[in-house]
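To find a chain, count down the sequence lines: A is the first, B the second, and so on, and within it residues start at 1. Source: prediction; values computed, not measured. Computation of the quantities below employed the complete heavy-atom set of this structure, encompassing side-chain atoms and omitting hydrogens, waters and symmetry-equivalent molecules.
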Amino acid sequence: MSRRLSQGGRLIDRSRTFHFTVDGRRYGGFAGDTLASALLASNRTLMGRSFKYHRPRGVVSSGAEEPNALFGLGTGDRFEPNQRATMTELYPDLTALSQNRWPNLEQDLGGLISRAARVLPAGFYYKTFLRPRVFWKHVYEPVIRALAGLGHAPAEKDADRYEHFNVTVDVLIVGGGVAGLQAARRAGAAGLRVLLVEQTAQWGGRAPVDGAVIEGKPADAWITGVLSELQSMPNVHMRPRTMGAGVYDHGYALVYERVTDHVSGAQGPRHRLWRVRAGRILTTTGALERPLSFAGNDLPGVMLAGAVRDYVVNHAVTPGERVLVVTNNDDAYRTALALSEAGVTVPAIVDARPGGGGALAEAARSAGLRVLTGTAIAGLSGKRHVTGAALCLQDGTGEVTEQIACDTVAMSGGWSPVVHLWSHCGGKLTWDVDEVMFRPDPNRPPTGADGRGFVEAAGAANGYLATADILGDADRAARAVTEALGRSLDDAPALQAEREETAPIRAVWTMPEKAPVKLREKMWLDYQNDVKVSDVALAAQEGFESVEHAKRYTTLGMATDQGKLSNINGLAILADTLGAEIPAVGTTTFRPPYTPISIGSVAGEARGDLFQPIRRTPLHHLHEAAGAVFEPVGHWRRPYVFPRDGETVAQAVEREILTVRHKVGLLDASTLGKIIVKGPDAGRFVDMIYTNKMSTLKVGRCRYGLMCSENGFLMDDGVVARLDEQTFLCHTTSGGADHIHAHMEDWLQTEWWDWQVYVANVTEQYAQIAVAGPKAREVLETVGGMDVSKDAMAFMDWADGALAGIPVRVFRISFSGELSYEIAVPASRGEALWQALRSAGETHGIAPYGTEALHVLRAEKGLIMIGDETDGTVVPQDLGLDWAISKKKDDFIGMRGQQRRELSRPDRWKLVGLETLSGGVLPDGAYAVEEGRNANGQRNVQGRVTSTYRSPTLGRGIAMGLVRNGPDRMGEVLDFPGTDGVVHRARIVSPAFYDPEGERQNV
Amino acid sequence: MQRYSAFAIAREALRHHTGWQRAWRSPEPKRRYDTIIIGAGGHGLATAYWLGKLYGIRDVAVIEKGWLGGGNTGRNTTIIRSNYLQDPSAAIYEKSRSLYETMSQDINYNVMFSPRGVLMLAQTEAEARGYRRTAHANALQGVETQFVSSWRVKQLCPIISLEGPRYPVLGALWQPRAGTARHDAVAWGYARACSDMGMDIIQKCEVTGIRSEGGQVTGVSTTRGEIECDRLGIVVAGHSGALADMAGFRLPIESVALQALVSEPIKPAMDVVVMANTVHGYMSQSDKGEMVIGGGADGYNNYTQRGSFHHIEETVRALVETFPMISRLKMLRQWGGIVDMTGDRSPIISKTPLGNCFINCGWGTGGFKAVPGSGWAMAELMAKGQSPLAEAFTLDRFREGRFIDESVAAGVAH
Amino acid sequence: MSDVATPLADASFDGFVSVSEAPRTGMISLRGDLSDTALREVCGAVTGAAFPASRGASLDGSHGVLWMAPDEVLLLVAPGSVPDSLDRIGTALSDRHHLAVDVTDARALISVDGLGVRDVLAKLTPADVSPGNFGPGELRRTRFAQVAAAFWMPTEDSARVICFRSVATYVFDLLCHAAAPGGEVGYYR
Amino acid sequence: MLILHCPCCGIDADETELTPGGTAHLKREGPGSSDEAFERYLFLRENPRGVHFERWRHAHGCGKWFHAARCTMTLEVFGTYSAQTHAPPREILDRIAERRPQERREVA
């Protein structure tokens, strides 16, 4: 059984007991435990179910690479699926749920699938579920989906908060083991701005567990010393529980800090995603141990040797009473020694190497441990857990030589440097035949903005496994980075570390070497996805020879551990099957993140009210108070309508329209863009920007203008006012202000940079209020302060002045067809003026109106709306706006584009009014059909509806649309099929439905 | 060819699956072929497949620089829909969608086409108008879509939040017969079918030159020798510019990075594909249980297959707002692909200045859904010299201003 | 004036640093030839502050000159003196190509005060706000989360943030989120 | 994530402060130009697999446009320079030639 040892445990505090719950059962553990170590201490070894076959799974590792021990953590709005027990620090009252099983982990019906494993090899689903066709969607797929997946989806909205943090540093060091600490110490001494991050809560990495001795001190003591040294350096920052998640171009790195995951009910953000810009990135990310491929290696009780050692030394937990150690290298002997020191029986050390190991092997023998060389595991006994192992010769085909009783197998297939961050941005790897590992190729690093390598790997991450070599490599890397950043580093004597003589590792990809297919079918490569040696061989046999094909066909390395345990073993098998060299097969691409990071942390603060900026007009609060219904227009919020008690939205819109037609209405037009164009060349410039001849506009007057893209299509429109000889004020659409301002700057800076013109976007300086309706003038006169009579201010005039003592600029323009004034006032005085106008207009029945009323009012007048009548494919000529296109100018932006064949075709769809015969309203977006179908069997069309409303003024439906040769077909009746099957019939009429002569606005 | 079926699997199981044959041969290139297709991605393989199936042209080599299906075919978010606004787009995407429905049976390879339905959310009045217009157009184009209420949206996708503080869901354009498919399987299945028709699929063979005489292509130079042909099809997505260069013409194309990501797998949580174009994000759940997420493209020329992370952030924040429950899921893997953007964001399936050379490119962010239809049209164009499905997608439309602009209906993302 | 509405109605928030709307300040955006002595002199005359170098923030109390671009400065003056200042600029530069506009009401000005102010800024802006790279006397135009903003530091432990009026609430809320208790980073000591 | 030096205000600008503007040094074709010339101006792009001369705007900074020479295969930046030019300056071309001797460059 797995249990807590009576003494030891460098990370746990036996004086602090925490209680926690898994699947409703209560357990106890100590501060410093992980969920995994605490469960092992409580003799709970079954921790999960595999993805494909639902096989029982125990914890196999002690770190980020864990593929098996995944739990749903927390409850309700703090529930999170797929949490690694090995990375979850224990805290009081932690609640966890096992996954991917039904009804429970012990009896999982899905487990029956593994009985059929024989007929479910890699890619079987590509070969079956083919008939009958409808079954895929309705039978096969739903069943497969229900069995797939791991944890359950969170049901509630996340209760936690997240944030981002931006830093710029000289060097980011990822990995707080001895290599990272030593490199930080050196780079820090050189005065570099250093950020050192470590994904776990502890500094020092594996060295203390491995019993390293540095400068004559035990690793723990040496680490404590270095930590205090680093803490004293103001230019060095250190973060535990912080993982280097990804490396991106130009030295950008994502760093993932788990701020409060390890404490229950803490205030503050849960995760903080650091966006780091680093001059250089140094990866001291260590190495990961590889499993060995032998039959039955997926049984609970089979663990990585290094992990077993971690649990014993760090948490004083032994995963079993009789632990068989199997290895192809020296490191696993450390586990055997640690176990026997802790009083745990090690029945044997099974070493695949004929020559066995080096000094550590000697130490094991002298500790009385039995060492079998040239030996391998032929298979394991046990259903839910290991009960024993059958041994054989590594070089044979699996004839059993001996049976050994054991409840745990500690395996080591050698160590693979963690090269993920090195590779994210294109760093290449080289295969080291002697060390049996891929290591970073120093000659092919990822390159940055300066064309030079910007990532440096050091220590175990660079392929060095002995402490002395690791520290030496850290010094080298620190120097390389420092000098690359133009600093110098004084020489420091190399650190002394004890080094035991080791025997070389042997490449062992299957145990035994010549294992027959019957055994290979029981050798797991990817524990979570249930990919076996035989599956990779099958992929190769079927022609999936590229490592990418094999990966995708078998799903090897596509589980939540992204192949940290399985990739190297898998591609070795692939190479072996293809008779190719491992480097020739190559690796799959490493993609960020290194281990999964919360989606919440990626969104950061941008949720709820902060999801996107809301732009509020200076009158926003008044509208809210008035109960306005708002509409998003870009990031703006505009009042759509102001319903009164008991009114529906539709009723309110009608009332607002009639108010403007018969009395007077108030519109918040503040969102309209206002751009000042000034300079000796201003006239010349606006003549290029607008299709109209704007330079001839008189001071004091306004003119409606059109702007096109260079492609010729109508882009924006608005009223231009000439403020003085050198100054124009250009109004744009609400959505257009920023875009048009940028458009103007673009042309001024990059095409006509010798023209003397300055532009300024003053949109937000003003609140703009439209006072529209027959009583508009009376309202302004009641407010008082300016002569707004017809003679003083004719249609399309503007004037500066004061109303109610507030400085204003009044434009006599109309988008409703009624007598109308648009009043610009400094934003800080907008509310005051709005109030003044409302009270002055009370006797006239004044009321605010929203964007919907505005749209209907303009449609009744046949005035186009950018975004309704235009969609990026419409030229002004299509809208009968030829009058606004100057014939005198020899150039303007869009002129050349409009001369192209398609845009100047005579039979283009052109703007008309549409009146239903029934008087009803045409459906929005409906198309006018004509006879026949095109070559692709689609119904031929000859026009479409662009705007359609019920006009309360006229008491019937009105619409505008684009129709082929429309203006020449007045009176013709067109068919508009609706999506409801009804065909709506409408007559082509002039779009000016109301007051075509424009008498009402010109009074 | 070894037929695939449940029975075949059971039979092979008896001999521990040692009897399975190669899915496709990998032959040495011959000296000459009737037709060469450059590019063994989905579009290239589909072109070869239909050349063989519909026109009996089987002396075909499909030449691939890397591994078949190794480009965007294996990098996209596998959405298949045809609810496009403009007639030419709707025609080819609907043709494609309908071919997907029977693809698994046609090629005896399960591509897992899952017609689970696609919802395109309308989150502003303008977007709602755009989708109502699309629904009207689709009805006349023979594409089954409808504009549905927000209530129906919630019914179809319970995890969605209708009340974003910004963009409440006003409704959606719903295409019930749209869905997803297993992207790799499409390439593998077509490759297997082409190989079975006797075509040569030549991987790890890079074209280094295109040889022509008197305005006609005579063959290609490759890293595996000179190969002659009577007809050439260039179907190489991100490499189109380079190939066009070799053939001596220029394309109205710029290549940019488009990114995607997947979450860790969870039990079934959504049964439809949801696209939210106002906030630039779309999401579906794969059969494995991963949330498959995509968003907008970068704005600068890039061939690195790595994008800028702030686009991932933008996409993710949009989807956290739309589906609050994903906040506590984890991002498992993110990646980028290179997409070719044309002047109007619509593809090119066209003749070229070289008489017997044809090009199929510029699919932008929408290529996967078009694979079978694009191959169908390209094959027809190469075999007959013209194709109704391809007619509008010519190379010269930009000169004349004859754009096929889909962005007008806000249906920009794919 | 009582009927003058500021963008944030004097809102304030206390987290591990305090966030509050700064007193209303007159702002004039001036574009022209920044090397022109006449322009530099009139800037000094209306603000009482020296003319800044590139990316400089030259302040005399709450008045001063902020370098915005190679051809643009933002003048901070007393709210009441904006019209007069505009007149003086117009006169001084009458014969020179320039553009001066009142943007007092187009902007919001927010104070962030307390130890840890750099940490709060670093949560929202990609700009390098480390002491060695940025400090009092400098102005940084950049973005705060999703909108444009500019900031300077009157002292080592305070900052002023300028943004557009329409997004004042958004930026204020961002700063509050960043400054909320429990969010201390302790990076900039 | 690109970081480009803005030659106008001297900031090393994070990509999120910048707006990309496409290929640089295009010659505007107005009325009177041929259809071919106009098509080249608006649509036909070199789209190089290598050094690309491109436009960027420091939109969330000083607001100025500038040009950059950047490799589309490695994202290496050979320099940024004024937008008020019709062709890349000598020193940029020299730097490219020095770092990429094999790179083929026809200069406008």
Is chain D contacted by the side chain of B:Leu251, its backbone, both, or neither, given a heavy-atom distance below 4.5 Å?
backbone

Select one option (side chain, backbone, both, neither) describing which atoms of B:Ile312 are under 4.5 Å from chain D's heavy atoms.
neither

Hey, could you give me the [atom1]/[atom2] distance between [X] and [Y], rounded to the nearest 0.5 Å?
{"X": "B:Asn301", "Y": "D:Glu46", "atom1": "CG", "atom2": "CD", "answer": "10.0 Å"}
{"X": "B:Asn302", "Y": "D:His52", "atom1": "CG", "atom2": "NE2", "answer": "11.0 Å"}
{"X": "B:Phe309", "Y": "D:Met1", "atom1": "CZ", "atom2": "CE", "answer": "9.0 Å"}
{"X": "B:Asp344", "Y": "D:Phe43", "atom1": "CG", "atom2": "CZ", "answer": "7.5 Å"}

Are D:Glu39 and B:Asp396 close enough, and set up right, to give a side chain to side chain contact (heavy atoms under 4.5 Å, CB included), and what steps lead you there?
CA-CA 9 Å; D:Glu39 180 190 30; B:Asp396 60 12; 5.7 Å; no

Any idea which of D:Arg40, D:Arg49, D:Glu36, D:Met73 has the most non-hydrogen atom pairs under 4.5 angstrom with chain B?
D:Arg49

If you compare all heavy atoms of B:Tyr303 against all heavy atoms of D:Pro48, which two are closest, and at what distance to 0.1 Å?
CE1-O, 3.1 Å

Give a yes-or-no answer on whether the side chains of D:Asn47 and B:Ser255 include a donor-acceptor pair shorter than 3.5 Å.
yes

Chain D-proximal positions within residues 347-354 of chain B [heavy-atom distance under 4.5 Å]
none

Report, by ascending residue number, the residues of residues 9-19 of chain D in heavy-atom contact with chain B at a distance under 4.5 Å; give 'none' if the set is empty.
D:Glu15, D:Thr16

